There are 2 protein chains.
Amino acid sequence: MPGHQPPRGRRPAERKGDVRERAILDTCEALLARKGYEAMTVGDIAQGAGITRGALYFYYGSKQEVVTALVARTVEHLWERSRLTARTDDPREAVTAALRRTVELWNEHGLVMRTAIDLSLTVPPIGELWDHTADLFIAAITAVLERAGVPTGAAPDQAPAMARALCWMIERTFYHASQESREALQEASATCAHIWLTSAGLVA
Amino acid sequence: MPGHQPPRGRRPAERKGDVRERAILDTCEALLARKGYEAMTVGDIAQGAGITRGALYFYYGSKQEVVTALVARTVEHLWERSRLTARTDDPREAVTAALRRTVELWNEHGLVMRTAIDLSLTVPPIGELWDHTADLFIAAITAVLERAGVPTGAAPDQAPAMARALCWMIERTFYHASQESREALQEASATCAHIWLTSAGLVA
DNA sequence: ATAAAAATCGACACCGTGTAGACTTTTTTC
DNA sequence: GAAAAAAGTCTACACGGTGTCGATTTTTAT
């Protein structure tokens, strides 16, 4: 975790396999875009990465494992970005900042994010990854709601429950919009912002 | 469509195949609950319905077709229920009535509804079925919002766009809750009601 | 009763998966 | 820089699920 372990000499202490691994994940992402999860075969991925099926199984035990690794790589990115987001005291500003960031994430990683959502049910490790990601968002939304004066508590009309519903609204709305176009994503963002602000009592 | 064609004699003019078809769909639903879509095999369904794989292919061309038929049967039910819902003039009442109905639907058909959502991407006919269903809900929500004074128009903070976002919020929230318990569904309903009412301007 | 239509079966060919064992390349160690 | 170990790669195979075909039996209509 802390690591990086800058190679003692000045040349790459990078295993050949590390390069292959990245090639596999990149190919997987490309194929996901071109053919979709179902149609994509282990042979396809191997071929795209310039090796045979047999060799691929040296790295990953199944198609699911490959995709899980891809999702993990992407989701790592999301967490990174969340951590780096500037804190602000004004709830209104927090909402627009959060949604702007979300638009960026979906623009860059929409495909993998949609795949993660689709596979959450069937591939448990992906489900956990995505649940954790959602929890981060929910926590962030909860914080904003509370700062805006929505009471904390377990009741269905208090911050945590509302944050969960708003999170699902955003997830699903962006999920659909990201299949359409950048503009759709932009509008989706505006709509979500409006509902979020209204339900936080921040709109007269 | 109008039909029924009450059998001339007093015996069933019901093809043997009609019974089998129902048996297949019922078995499919049971297996979906027990093993999930991926794990369920055409052989399993056939066996459960008391026939061989070969015979099943006489009725349906693939596992996807079977599930599509099951979704169609269920969705038919949803449309039916929507049509029979009493019209009311008070928006507040309309919201609670709509959500009460939604809770009932998810209680009864949660499994198939979740399956339909999961397969919307990969099985186009199911995608169409579900899109159409969603459109009905969106139209209903739009109507309530407009009656509550939210302006009509294509802008992201006007009725149609908001209705879409609210629909996705409800879908996703209920999707998750229906995996938990009846109580979760009940609370989900309360939270959605609160956000819906607030964003319609119906909560002081 | 008989002919047509509907339903069922078993066998087969195909395709994707995952594993095993032999072989080659890269890295480490002395 | 040679030998040993580790990492990487390949081909071949066995398995399981799919969808199709032609033969056969059962049901329905006349």
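Since the structure is predicted, the reported quantities are computational estimates derived from the model, not experimental observations. The figures here come from the full heavy-atom set of this structure, side chains too, leaving out hydrogens, waters and symmetry mates. Protein chains get the first letters and strands the later ones, always in sequence-line order, with residue 1 at the start of each.
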>> Can you tell me which residue among L78(B), I138(B), T74(B) is in a side-chain contact (heavy atoms from CB on, under 4.5 Å) with T133(B)?
In response: L78(B)
>> Please identify the 5'-most and 3'-most nucleotides of DNA chain C with any atom under 4.0 angstrom from a heavy atom of chain A.
In response: dG16(C) to dT28(C)
>> How many whole angstroms separate atom CD1 of I45(B) from atom P of dG17(D)?
In response: 13 Å
> Does A200(B) have any side-chain contact (heavy atoms from CB on, under 4.5 Å) partners at least two apart in sequence or in another chain, and if so, which?
Replying inline: L145(B), A148(B), L202(B)
> Which residue pairs pass the salt bridge (Lys or Arg N to Asp or Glu O under 4.0 Å) test when at least one of the two sits in residues 154-174 of chain B, sequence neighbours left out?
Replying inline: E171(A)-R172(B), R172(A)-E171(B)
>> My understanding is that only residues two or more places apart in sequence, or in another chain, count here; which of them pass side-chain contact (heavy atoms from CB on, under 4.5 Å) with E180(B)?
In response: A184(B)
> To the nearest angstrom, how far is E21(A) atom CD from dT9(D) atom P?
Replying inline: 11 Å
> Quick one: OG1 on T115(A) to CH2 on W130(A), what's the gap to the nearest 0.5 Å?
Replying inline: 10.0 Å
When the side chains of residues 23-33 of chain A are checked against the rest of the protein, which donor-acceptor pairs come out under 3.5 Å, sequence neighbours left out?
from, atom 1, to, atom 2, distance (Å)
D26(A), OD1, R73(A), NH1, 3.2
D26(A), OD1, R73(A), NH2, 2.9
T27(A), OG1, A23(A), O, 2.7

> Taking only residues two or more places apart in sequence, or in another chain, which ones meet R83(B) in a salt bridge (charged side-chain N to carboxylate O under 4.0 Å, His left out)?
Replying inline: E80(B)
>> Run the side-chain contact (heavy atoms from CB on, under 4.5 Å) test against D131(B) and tell me which residues pass, sequence neighbours left out.
In response: none
Sequence neighbours left out, cut at 3.5 Å: what donor-acceptor pairs do the side chains of residues 41-57 of chain A make with other protein atoms?
from, atom 1, to, atom 2, distance (Å)
T41(A), OG1, G43(A), N, 3.4
D44(A), OD2, K35(A), NZ, 2.8
D44(A), OD2, T41(A), N, 3.1

>> What I'd like to find out is whether the side chain of L99(B) reaches to under 4.5 Å of the side chain of I170(B), using heavy atoms alone.
In response: yes
> Over how many whole Å does the gap from F58(B) atom CZ to dT24(D) atom P extend?
Replying inline: 18 Å
>> Please report the interatomic distance CG(L166(A)) to CH2(W196(A)), rounded to the nearest 0.5 Å.
In response: 7.5 Å
Could you write out each protein N or O paired with an N or O of nucleotides 18-22 of chain D at a distance under 3.5 Å?
from, atom 1, to, atom 2, distance (Å)
dT18(D), OP2, T41(B), OG1, 2.7
dT18(D), OP2, V42(B), N, 3.4
dG19(D), OP2, Y57(B), OH, 2.8
dG19(D), N7, R53(B), NH1, 3.3
dG19(D), N7, R53(B), NH2, 2.9
dG19(D), O6, R53(B), NH2, 2.6

Measure all distances between protein nitrogen or oxygen atoms and nitrogen or oxygen atoms of nucleotides 25-30 of chain D, and list the pairs falling under 3.5 Å.
from, atom 1, to, atom 2, distance (Å)
dT28(D), O3', R15(B), NH1, 3.3

> End-to-end bend of the helix from dA1(C)-dT30(D) to dC30(C)-dG1(D) (five-pair axes, 10° rounding)?
Replying inline: 20°
> Measuring from M162(A):CE to M169(A):CE, what's the distance to the nearest 0.5 Å?
Replying inline: 9.5 Å
> Restricting to pairs with a member in residues 98-110 of chain B, which pass side-chain hydrogen bond (donor to acceptor under 3.5 Å, both in side chains), not counting sequence neighbours?
Replying inline: H77(B)-H109(B), R81(B)-E104(B), R81(B)-E108(B), T85(B)-R101(B), N107(B)-R182(B)
